[in-house]
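Below you'll find the structure, written out as structure tokens, and then a few comments.
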Amino acid sequence: MMNLSDLFPMFFFLAIIAAFIVFTVLYFKAFYAGRAKRQENVEEQRKRHGGEYVLEWNGPLAQGEADQEFGKLVVAIPKKRGNGSARFYEKGVIVDQKRVPYSEVKDIVYLKGRPGKKYTLKAAMRDSAVMWIYRKKGSTIGIRDFSYQFDEQTMEHIRTGLGY
């Protein structure tokens with residue numbers, strides 16, 4: 001006959017599994033709630049512009065030619081080395097020959113970098129600031145501060161200007 005002390009390890013193990021399941025469900029619920037709120041903001045912004053996805057910008061416009069598909073150039077973020085830039089237009093973005101209309105973007109996340117000297121490539125990647133542009137179809141586009149000359153305020157304005 002089994003006594004209660006023999007069942008304790010089994011109950012402890014089941015409690016750990018139940019706690020893990022509850023934690024996982026709550027984590028994903030919070031993640032998707034935040035994403036839904038950002039998507040709500042995007043839809044409100046789209047309605048303000050007659051159903052179009054547009055980058056709202058109240059600062060000075062970048063100098064450059066307009067794009068036939070995306071409209072006027074709003075912000076250009078030059079590369080640190082070489083020619084080229086990440087160009088945010090009124091209705092789309094062009095990064096490294098990838099043309100993405102804002103209607104094809106499902107989320108934009110800006111992660112601030114950690115200041116200080118980086119001694120390894122791994123540390124530079126881990127601690128760099130990056131803007132992730134998640135597309136509905138296709139690969140995610142990353143704009144990192146060690147490749148492009150940007151500042152936190154500009155990147156935050158771009159993110160909020162798109163409603164995210």
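For the numbers below, each heavy atom of this structure counts, side chains included, while hydrogens, waters and symmetry mates do not.
Of the listed residues (Gln45, Arg46, Lys91), just one forms a side-chain hydrogen bond (donor to acceptor under 3.5 Å, both in side chains) with Glu52, and that residue is Lys91. Considering Leu55, Leu73, Ile94, Thr154 in turn, Leu55 is the only one that fulfils the side-chain contact (heavy atoms from CB on, under 4.5 Å) rule with Phe88. Paired with Asp107 under the rule salt bridge (Lys or Arg N to Asp or Glu O under 4.0 Å), one option of Lys37, Arg38, Lys136 passes, and it is Arg38.
When all heavy atoms are compared, the tightest approach of Asn41 to Gly163 is CB-O, 3.1 Å. Of all heavy-atom pairs between Ser85 and Pro78, the closest is CB-CA, 3.6 Å. Closest of all the heavy-atom pairs between Met131 and Met155 is CE-O, 3.2 Å.
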Steps toward side chain to side chain contact (heavy atoms under 4.5 Å, CB included) verdict (Leu162, Val105): CA-CA 10 Å; Leu162 291 170; Val105 173; over 6 Å; no
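Side-chain atoms of Glu90 and Tyr53 include no donor-acceptor pair closer than 3.5 Å.
Residue Leu61 is grouped with residue Phe150 when hydrophobic side chains (ILVMFWY) are merged at heavy-atom distances under 4.5 angstrom, including chains of intermediate members. With hydrophobic clusters built from ILVMFWY side chains whose heavy atoms lie under 4.5 angstrom apart, Val54 does not share a cluster with Val42. Grouping the Ile, Leu, Val, Met, Phe, Trp and Tyr side chains by contacts below 4.5 angstrom, directly or via other members, places Ile141 with Val75. Linking Ile, Leu, Val, Met, Phe, Trp and Tyr residues whenever their side-chain heavy atoms come within less than 4.5 Å places Tyr110 and Ile108 in a single cluster. Val93 and Tyr134 fall into different hydrophobic clusters, where Ile, Leu, Val, Met, Phe, Trp and Tyr residues are linked whenever their side-chain heavy atoms come under 4.5 Å apart, directly or through other members.
Taking CZ of Arg48 as the reference point, atom CD of Glu56 lies at 4.5 Å (rounded to 0.5 Å). A distance of 5.5 Å separates NZ in Lys112 from CD in Glu156, rounded to the nearest 0.5 Å.
Around the NZ atom of Lys47, the shell of radius 6.0 Å holds no more than 12 heavy atoms that belong to other residues, nucleotides or ligands. Heavy-atom contacts from other residues, nucleotides or ligands closer than 6.0 Å to CZ of Phe31 number more than 12. Around atom CD of Gln63, no more than 12 heavy atoms belonging to other residues, nucleotides or ligands sit under 6.0 Å away.
Between the side chain of Lys80 and the main chain of Asp145, a donor-acceptor pair closer than 3.5 Å is present. A donor-acceptor pair under 3.5 Å is formed between the side chain of Tyr102 and the backbone N or O of Gly92.
Between Trp57 and His157, the ring-plane angle classifies as perpendicular under the 30° and 60° cut-offs.
Annotation: side chain of Arg114 is in contact with side chain of Arg126 (closest heavy-atom distance under 4.5 Å). A heavy-atom distance below 4.5 Å is found between the side chains of Ile77 and Ile158.
Ionic pairing of Arg99 and Asp67 is present here: one or more N-O contacts between side-chain nitrogen and carboxylate oxygen are shorter than 4.0 angstrom.
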